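Predicted, not measured: the structure shown is a model, and the values here were computed from it.
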Amino acid sequence: QTPTLLYLHGGGWVVGNLDTHDRVMRLLAEFSGACVVGVDYPLSPEYRFPVAINEAQAVLDWLKIQGPDHGLDSSRLAIGGDSAGANMAVSVTQLCHQKNPGLIQCLLLYYGAYGLTDSAAWQKYGNADFEFTREEKEFYLASYLNTEADRDDPRFKVLDGDISLLPSAFIAAAECDPLQDDLTALYEAMQKAGRSATLKIYPGVLHSFIHYSRMLDQATEALRDGADALKAALDGVEALVHLAATPDDVEDPVNNLFPPNITGLYHTLELAREAGVQRLVLPSSGQVNWFRNFEGPWPLDETVPVSPKG
């Protein structure tokens, strides 16, 4: 069973399809080892908000139920996207986790719009010199949204949604992008909510730069960085098992209350909590009881005992 990335392409909710983002998705699959499922969602203005979000939710529901029949591991699931697709990825995750908390383990977000209206980045980069103007932004929003009230709907203005519902996230920003402050705002909101997030700003590049991986080193770097974050999040269970089974001389912060062979596990749990791990695997079932009172996000009835070499 293969870990899975559900990918939502960008294009201002108006343009773009699986062909325009074929190379992006193929490289993410190659670099991460995950299966990438692209969604050819209906575009605006023919299909306005929230039709595309509902379509993405339907695909997510299908993956949860039918994915394992096609070799897709629904217990190791991420959602990603670029630009408008990144906006929808956050929205879909917030909606999903209201009913199925923990289903999505990772967000992979490239230069998304999250709800800021007139940021410093828009003032600096929102012009023809940087190939993304305010007029273009208003065209996309007028095509996508039905009414002015939709601009404040948390399914669109995701910064007003429940940030605490989000899993760990890799947030990639272009330096010369009017949306850069949106990404910084999302990162800071996740930090404030105690959610694990990484923000990386790629210097000297414009919005949509990941499409230019044949000629732009930063594009390949951003795709590799995102794939590495995706792989770490979705393969984190196996990594934790390896770490927990390895001798660890870290000083126990709880007055050495645990025997030496437990110390490594305790440190592993600390690392797991910092990384936003959603499911925990311990080297043996007998050690589960040691951590019944440990404060973490893991439902222990889902703990999977394995051998130290497992």
For the residue pair Lys157 and Asp150, establish whether any side-chain heavy-atom pair is separated by less than 4.5 Å.
-> no

Does the distance from a Lys or Arg side-chain N to an Asp or Glu carboxylate O, for Asp118 and Arg134, drop under 4.0 Å?
-> yes

State whether the side chain of Tyr202 and the backbone N or O of Phe209 hold a donor-acceptor pair below 3.5 Å, judged by distance alone.
-> no

Is the shortest heavy-atom distance from the side chain of Asn100 to the side chain of Lys64 under 4.5 Å?
-> yes

Going only through I, L, V, M, F, W and Y residues with side-chain contacts under 4.5 Å, is there a path from Met190 to Leu199?
-> yes

So, the side chain of Glu175 versus the backbone of Val205: is there a donor-acceptor pair under 3.5 Å, distance only?
-> no

Rounding to 0.5 Å, atoms CD1 (Ile104) and CD (Gln94) come to a distance of 10.5 Å

Does Thr4 use its side chain to pair, donor to acceptor, with the backbone of Thr2 at less than 3.5 Å?
-> yes

Report yes if some heavy atom in the side chain of Asp22 is under 4.5 Å from a heavy atom in the side chain of Arg26; otherwise report no.
-> yes

Mind checking the OG1-CG spacing from Thr184 to Leu179? Nearest 0.5 Å is all I need.
-> 11.0 Å

Note, Leu6 side chain near Val92 side chain (heavy atom, < 4.5 Å) = no

Is it true that atom CZ of Phe130 has more than 12 heavy atoms of other residues, nucleotides or ligands lying nearer than 6.0 Å?
-> yes

Does the side chain of Leu60 reach to within under 4.5 Å of the side chain of Leu77, using non-hydrogen atoms?
-> yes

Is there side-chain contact between Asp177 and Phe132, with heavy atoms separated by less than 4.5 Å?
-> yes

Can you check whether Asn17's main-chain N or O pairs, donor with acceptor, with Asp40's side chain at less than 3.5 Å?
-> no

Would you sort out whether Met25 and Leu18 count as a side chain to side chain contact (heavy atoms under 4.5 Å, CB included), showing the intermediate values?
-> CA-CA 9 Å; Met25 292 188 289; Leu18 300 184; 4.1 Å; yes

Please work out whether the ring planes of His21 and His211 are parallel, tilted or perpendicular, with thresholds of 30° and 60°.
-> perpendicular

Shared ILVMFWY cluster between Leu166 and Leu159, side chains joined below 4.5 angstrom?
-> yes

Between SG of Cys176 and CD of Glu131, what distance do you get to the nearest 0.5 Å?
-> 10.5 Å

How long is the gap from CG on Leu103 to OG on Ser74, to the nearest 0.5 Å?
-> 7.5 Å

Given the options Ile171, Leu183, Asp82, Leu109 meets side-chain contact (heavy atoms from CB on, under 4.5 Å) only with Ile171

Kindly say whether His9 contributes a backbone atom to a donor-acceptor pair with the side chain of Tyr41 at under 3.5 angstrom?
-> yes

Would you check, one step at a time, whether the test side chain to side chain contact (heavy atoms under 4.5 Å, CB included) holds for Tyr7 with Val24?
-> CA-CA 10 Å; Tyr7 194 85; Val24 168; 3.8 Å; yes

Report yes if the side chains of Asn87 and Phe156 come closer than 4.5 Å at any heavy-atom pair, otherwise no.
-> yes

When you check the gap from the basic side-chain N to the acidic O, do Arg151 and Glu148 get nearer than 4.0 Å?
-> yes

Are more than 12 heavy atoms from other residues, nucleotides or ligands located less than 6.0 Å from atom CZ of Phe31?
-> yes

Can you tell me if Ser168 uses its side chain to pair, donor with acceptor, with the backbone of Gln105 under 3.5 Å?
-> yes

Answer with yes or no whether the hydrophobic clustering places Val37 together with Ile65; edges join I, L, V, M, F, W, Y residues whose side-chain heavy atoms lie under 4.5 Å apart.
-> no

Crowded around Gln191 CD? As in, over 12 foreign heavy atoms under 6.0 Å?
-> yes

Yes or no on side chain to side chain contact (heavy atoms under 4.5 Å, CB included) for Asp217 and Glu221, after CA distance, side-chain angles and deciding distance?
-> CA-CA 6 Å; Asp217 290 341; Glu221 179 186 358; over 6 Å; no

Among Tyr212, Tyr125, Trp122, Tyr111, find the one that has a ring pair (Phe, Tyr, Trp, His ring centres under 6.0 Å) with His207.
-> Tyr111

Should Arg76 and Asp235 count as an ion pair when the cut-off is N to O under 4.0 Å?
-> yes

Can you find a heavy atom in the side chain of Pro68 that is under 4.5 Å from one in the side chain of Gln1?
-> yes

